Amino acid sequence: MKSISTGILYFLALGVSGYAAFVYGFLPLGSSVAPEMQKSFLAHPYGIYIHAFASIVALAIGPFQFSTRLRENRPGLHRWLGRGYLAIGVVVGGLAGLYMSQYASGGTVARLGFAVLAVLWIYTGLRAYLAIRRGSVKEHQKWMIRNYSLTFAAVTLRLYLPISMVGGIDFAIAYPIIAWLCWVPNLIFAEWRCTLANRHMSHFSVNRH
Ligand code: HEM
């Protein structure tokens with residue numbers, strides 16, 4: 001069961017990363033999005049290119065960082081990938097995402113959804129970094145679970161959008177909802193995983209004493 005969900009995680013994260021890298025690397029800017037969005041991208045090409053390429057780094061690196069095997073066998077690689085994930089993906093991608101949020105389609109509700117997501121993305125990344133600098137591995141893991149659940153908004157957004165289109169929901173109605181729906185449930189799921197990890201840890205320490 002665990003290997004199936006891990007496989008799905010890699011598939012979705014690398015699939016969306018590859019798709020975005022192809023579309024933004026090889027196709028004219030905005031050719032894959034709604035005309036309203038394309039207009040805003042063409043008006044802020046640096047913002048969207050920096051956001052897309054930096055954030056891809058986080059989405060693509062993330063799943064490997066959760067691999068216990070990689071962390072135990074190649075701790076140096078885990079550290080370097082982690083630095084790239086945080087510095088390029090979360091900080092650069094998040095700041096550019098925050099910048100682009102003011103021009104997002106879907107009006108104030110959507111803009112606020114993306115802006116809060118960007119701030120929380122950077123905040124959870126910073127907490128994860130500070131935790132590991134203090135040597136607190138468990139805290140680092142929990143903040144990273146929260147942080148990657150937010151990175152994963154890039155995947156869930158691209159699942160909900162086509163679903164809303166198939167469901168015949170108008171883009172103007174669907175997009176502001178999806179700007180929140182793409183990350184709030186992810187974060188709730190991450191909190192639940194952190195609680196489970198906590199219980200497991202206390203159970204473990206009870207059994208050890
Ligand atoms: C987690 C924090 C993130 C925030 C706050 C954020 C924010 C945004 C915003 C505001 C836009 C413009 C949308 C519009 O104009 O309507 C956008 C577009 C985009 N973002 Fe993000 N984003 C995040 C994560 C990611 C990640 C991890 C990726 C990695 C693939 C990504 C890739 C893209 C791409 C490729 C676009 C262009 C639209 C498209 O082709 O679908 N974003 N993002």
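What you are looking at is a predicted structure, and each value in this text was computed from that prediction instead of being measured. Counting convention: from 1, in listed order, for ligands and their atoms alike. Just the heavy atoms: all of them, side chains too, but no hydrogens, waters or symmetry mates, feed the values below.
Listed by first then second residue, pairs satisfying ring-ring contact (aromatic ring centres under 6.0 Å, His included) with a partner in residues 5-38 read Y10-F64, F22-F26, not counting sequence neighbours.
The atoms of ligand 1 that sit less than 4.0 Å from any heavy atom of L150 are 1 (C). Those atoms of ligand 1 with a heavy atom of T151 less than 4.0 angstrom away are 27 (C). Atom numbering of ligand 1 starts at 1 in the shown order; those under 4.0 Å from a heavy atom of A104 are 14 (C), 15 (O), 16 (O). For ligand 1, the atoms sitting less than 4.0 Å from at least one non-hydrogen atom of L59 are 29 (C), 30 (C), numbered in the order shown with element in parentheses. In summary, the atoms of ligand 1 found under 4.0 Å from a heavy atom of S101, numbered by their order in the structure, are 10 (C). Distances below 4.0 Å separate heavy atoms of A118 from the following atoms of ligand 1: 5 (C).
Under the 4.5 Å side-chain contact rule for hydrophobic residues, Y85 and Y123 do not share a cluster. F41 and L27 fall within a single hydrophobic cluster, where Ile, Leu, Val, Met, Phe, Trp and Tyr are joined by side-chain heavy atoms under 4.5 Å apart, directly or via other members.
For atom 4 (C) of ligand 1, the nearest non-hydrogen atom from the set I48, V90, L117, L27 comes from L117. Between M37, R158, Q38, it is R158 that holds the heavy atom closest to atom 19 (C) of ligand 1.
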Please table the atom pairs, donor to acceptor, closer than 3.5 Å between any side-chain atom in residues 90-111 and protein atoms at least two apart or in another chain.
unit_1	atom_1	unit_2	atom_2	d
S101	OG	L98	O	2.6
Q102	NE2	Y99	O	3.1
R111	NE	Q102	O	3.3
R111	NE	A104	O	2.9
R111	NH2	A104	O	3.1

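With hydrogens and angles ignored, the 3.5 Å screen pairs no side-chain donor or acceptor of R193 with any backbone N or O of I145. Formation of a donor-acceptor pair under 3.5 Å by the Y129 side chain with backbone atoms of T124 is not found in this model.
In this pair, F53 and Y49 present their aromatic rings parallel. The plane angle is below 30°, not in the 30 to 60° band.
Inclusion of Y175 in the set of residues having an N or O under 3.5 Å from an N or O of ligand 1 is warranted. Residue contacts with ligand 1: Y24 is placed with a nitrogen or oxygen under 3.5 Å of a nitrogen or oxygen of the ligand (distance criterion only). Of the N or O atoms in W121, none lie within a sub-3.5 Å distance of an N or O in ligand 1.
Under a 4.0 Å N-O distance rule, the pair K142/E139 qualifies as a salt bridge.
Considering only residues two or more places apart in sequence or on other chains, E191 meets the side chain to side chain donor-acceptor pair (under 3.5 Å) condition with R146.
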Set out, in order, the CA-CA distance, both residues' side-chain angles and the distance that settles side chain to side chain donor-acceptor pair (under 3.5 Å) for S149 and N186, then state yes or no. CA-CA 5 Å; S149 79; N186 296 13; 5.8 Å; no
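Near atom 21 (Fe) of ligand 1, less than 2.8 Å away, sit the protein N, O or S atoms H51 NE2.
Looking only at heavy atoms of the protein, atom 12 (C) of ligand 1 is closest to F41 CE2, 3.9 Å.
With a heavy-atom cut-off of 4.0 Å, V23 does not touch ligand 1 at all. Under 4.0 angstrom from ligand 1, there are no non-hydrogen atoms of L98.
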